[in-house]
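One structure below.
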Protein chains: 2
Amino acid sequence: MNRRRRPTIRDVAEKAGVSIATVSKYVNGQQSFSQAVEDKLRDAIDALGYSQNALARAMVTGRTTAIGLAVMDLANPHYSNVVKGANRVALANGYNLFVVDMEESIAAVRPLLEALAPRTDGLIVSARIPNDVTDWLAELDKPVAFLGQPERDDVLTVGTDSVQVAALLAQYLVRQGFKRFGYVGYSRASSNADRLRGLRRVLEPAGVELLVFDVDEPTNEAGERAVARVLLRPDRPDVIIGWNDLVAIGMMNEARSLGFKVPDDVAFAGIDNIPISRYVTPPLTTVDVCSQATGEVVMKKIIAMIEDKPQPTGLTLEPALIIRESTQRQFT
Amino acid sequence: MNRRRRPTIRDVAEKAGVSIATVSKYVNGQQSFSQAVEDKLRDAIDALGYSQNALARAMVTGRTTAIGLAVMDLANPHYSNVVKGANRVALANGYNLFVVDMEESIAAVRPLLEALAPRTDGLIVSARIPNDVTDWLAELDKPVAFLGQPERDDVLTVGTDSVQVAALLAQYLVRQGFKRFGYVGYSRASSNADRLRGLRRVLEPAGVELLVFDVDEPTNEAGERAVARVLLRPDRPDVIIGWNDLVAIGMMNEARSLGFKVPDDVAFAGIDNIPISRYVTPPLTTVDVCSQATGEVVMKKIIAMIEDKPQPTGLTLEPALIIRESTQRQFT
DNA sequence: AAATTGAAGTTAAACGTTTTCCTAAAAATG
DNA sequence: CATTTTTAGGAAAACGTTTAACTTCAATTT
């Protein structure tokens, strides 16, 4: 490796024949300069190809103009959309967004965040993480926000209410006339319990049955593997709700290849409203959890916090039912 | 904001009654210590909740143990998979991976990379970027790798050969018996030209016609919007190749809702083999471009470069044809 | 014309680490 | 027991910036 050292402010100063302070002020545009100095600086800078070292700058200013976002799994389009929303707002406000993927591994999150924290002005964590980590974060000298967590009074939280999301979907399905519900959840996610609560809150008063199953990872493949267990029961559900759209799509696909007609033999619904849900056959009914808006809102809030405008700690977005053909059955 | 300063090495040193050099050596495990000092240090550190400031560390060591990856669009599952592969290898080798999304905007890439460069030990750029930026990167004091670029002799490049990818697909389709080809490309991507070359190389000798169309962004929606133009032509193609799976899926979906039977009226094929292609109806024929392997390989290479093991500059992976129902037509 | 103000630049400390020498004491050697 | 070697720990410089405080010197005011 022919590893050339990057030119520093010192090199520029020397070449231009001024002090490093002057260079600093020039690149940050903090003062006016005589024509002569300005020319020399401009020339020196692009002769050397100088650009500021963000690290050194961050050290002394204490500001990085970067924000960190840790997500559970970038392969899940829900998170991609959160990132999209957040990124757009960050860039528009002069911040960089650094995304890290925790690979659905709650254990590894602490070192990841410890690495990320000093490099950023604020942290967004899109996952339920252990309490000791949450506490460590809350004690940090940086604004922190959580996504998909229940509200806490000491940290900013943005997202939809899991109970409400599940209830909304259940309500619609009950009204459609479905009688036997299956829920294929992901018990490792802590909001799974909230979703179950939401379902039960609607289904119990309506007197409909709920069978609960579990999946070991929130993916298409897991859905595929899981669905046979559900369909082969004597009291087979007439509608199956997946932990998220990925799981629902996997289940729906496998059900069809097992010869079930969707939605006539069995209906499917998901949660998240990822873009692809519109393109599967039949198009998937789901609940929009405002993925992109979540990213946008949390980024706006955290930037406001960084810039010292006080902010409310919690913010709940309104989920929206997205009705598509996967649940449009004619009941006779 | 009740902004507590993070405890520094100095705080720890004072609390433990030793010098900061000792603390540094302790946290980096570079020396043995007397029992007394070791106890005091351990206690002080977790009493204060101290953790190293990666910024300061990076300043003096010149190493960040982080690698930056800039992708065109995180919402595209192809890139998500690249990230997945890269992340896994990075973590396994003690590096952090910071991902930034350039939002399909070539213009904004330079400042993004300038921000990323000093914070990382190496940079991976998953996009064709303007030559001046490429040159700037190549002159940097860091290992740099490109994805999806044609090979260059001065920088590391990993990926499949676009010409070969297109040719592979065309070959199979010709052999299937398709006679009129449509290609809906994305001319803003510079590998579009390579793919066209690959198609022509196969189609011209075979004497089959090729109609070329263009899409203004590589998404489902753009595919949807584009397909009518193709289908309404008097010399309608009997097979349509999309710039990538996303475009192909959008087109296929819209074609079906316009009443076309796939693959009997018109067949579709994509490129990338994103996970969802298996789940659409009919399942999509495509070419696997080794998304995840690309991420893994490039990360291994760049880590080797960082750690000063010399590496070859270019590496081409073998694409694989994935045959599914979207092109399985019975020719009579 | 003397005094005041303002503009353009400079000096030096600071940010939180690591690391190269040093020193002093302890342990090993003869 | 005197000498040498090893070990545990410390002092201070360095990394590339920003910024507060200061100096000049020219322009304005009285």
Side-chain angles (χ1 to χ4, degrees), chain A residues 3-41 44-45 48-66 114-115 117-121 140-142, chain B residues 3-41 44-45 48-66 114-115 117-121 140-142:
Chain A
R3 224 169 270 188
R4 263 179 304 289
R5 206 172 50 82
R6 280 188 96 174
T8 75
I9 202 173
R10 209 157 257 116
D11 300 322
V12 176
E14 191 174 357
K15 180 145 200 160
V18 300
S19 76
I20 61 167
T22 305
V23 181
S24 173
K25 284 170 187 158
Y26 177 76
V27 297
N28 295 309
Q30 293 182 336
Q31 200 182 266
S32 50
F33 299 88
S34 68
Q35 198 49 246
V37 168
E38 191 160 343
D39 290 348
K40 285 188 296 181
L41 280 173
I45 284 175
L48 295 168
Y50 170 78
S51 67
Q52 283 182 300
N53 183 322
L55 243 57
R57 180 169 219 275
M59 274 244 49
V60 35
T61 61
R63 305 253 291 102
T64 62
T65 59
E114 282 188 353
R119 309 179 200 246
T120 55
D121 295 338
L140 219 54
D141 58 338
K142 296 185 186 324
Chain B
R3 225 168 273 189
R4 261 177 307 287
R5 206 172 48 83
R6 277 188 101 179
T8 75
I9 202 173
R10 211 157 255 114
D11 301 322
V12 175
E14 192 175 356
K15 181 144 198 162
V18 299
S19 77
I20 61 167
T22 305
V23 180
S24 174
K25 286 167 188 165
Y26 176 77
V27 298
N28 294 310
Q30 292 183 334
Q31 200 180 269
S32 51
F33 298 89
S34 68
Q35 198 48 246
V37 168
E38 192 160 342
D39 290 348
K40 283 189 297 181
L41 281 172
I45 284 175
L48 294 168
Y50 169 78
S51 68
Q52 282 181 302
N53 183 323
L55 243 58
R57 181 169 218 275
M59 273 244 52
V60 37
T61 60
R63 306 250 293 101
T64 62
T65 58
E114 281 188 353
R119 308 179 204 246
T120 53
D121 294 337
L140 220 54
D141 58 338
K142 295 185 190 320

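Residue numbering restarts at 1 for every chain, and letters A, B, ... go by the order of the sequence lines.
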Identified side chain to side chain contact (heavy atoms under 4.5 Å, CB included) counterpart of B:Tyr26 within the set B:Val37, B:Ile45, B:Val12, B:Val18: B:Ile45
Selected nucleotide, minimal atom distance to [X] side chain, candidates [options]:
X	options	answer
B:Ala21	D:dA12, C:dT17, D:dT18	D:dA12
B:Asn53	D:dG16, C:dT19, C:dG16	C:dG16
B:Thr61	C:dG16, C:dA8, C:dT19	C:dT19
A:Met59	D:dG10, C:dC15, C:dT18	C:dC15
B:Thr8	C:dT17, D:dA8, D:dA11	C:dT17
A:Val18	D:dG16, C:dG16, C:dT10	C:dT10
A:Phe33	C:dG9, D:dT19, D:dT17	C:dG9
B:Ser32	D:dT7, D:dA11, C:dT19	D:dT7
B:Ser34	D:dA8, D:dT18, D:dT19	D:dA8

Minimal non-hydrogen separation, B:Ala16 against B:Ala44, with atom names: CB-CB, 4.0 Å
Please state whether the phosphate of [N], meaning OP1 or OP2, lies under 4.0 angstrom from any side-chain nitrogen or oxygen of [X].
X	N	answer
A:Gln52	D:dT17	no
A:Thr22	C:dT10	yes
A:Arg57	D:dT18	yes
A:Ser24	D:dT18	yes
B:Tyr50	C:dT17	yes

Stepwise side chain to side chain contact (heavy atoms under 4.5 Å, CB included) check, B:Arg57 with B:Asn28: CA-CA 11 Å; B:Arg57 181 169 218 275; B:Asn28 294 310; 3.0 Å; yes
Any donor-acceptor N/O pair, B:Thr64 side chain to B:Asp121 backbone, under 3.5 Å: yes
Nearest-Å distance for atom pair OH/P, residues A:Tyr26 and D:dT17: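 From A:Tyr26 OH to D:dT17 P: 16 Å.
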Sugar-phosphate, base or nothing in reach of A:Gln30, heavy atoms under 4.0 Å: sugar-phosphate
Sugar-phosphate only, base, or nothing, as touched by A:Leu55 at under 4.0 Å among non-hydrogen atoms: nothing
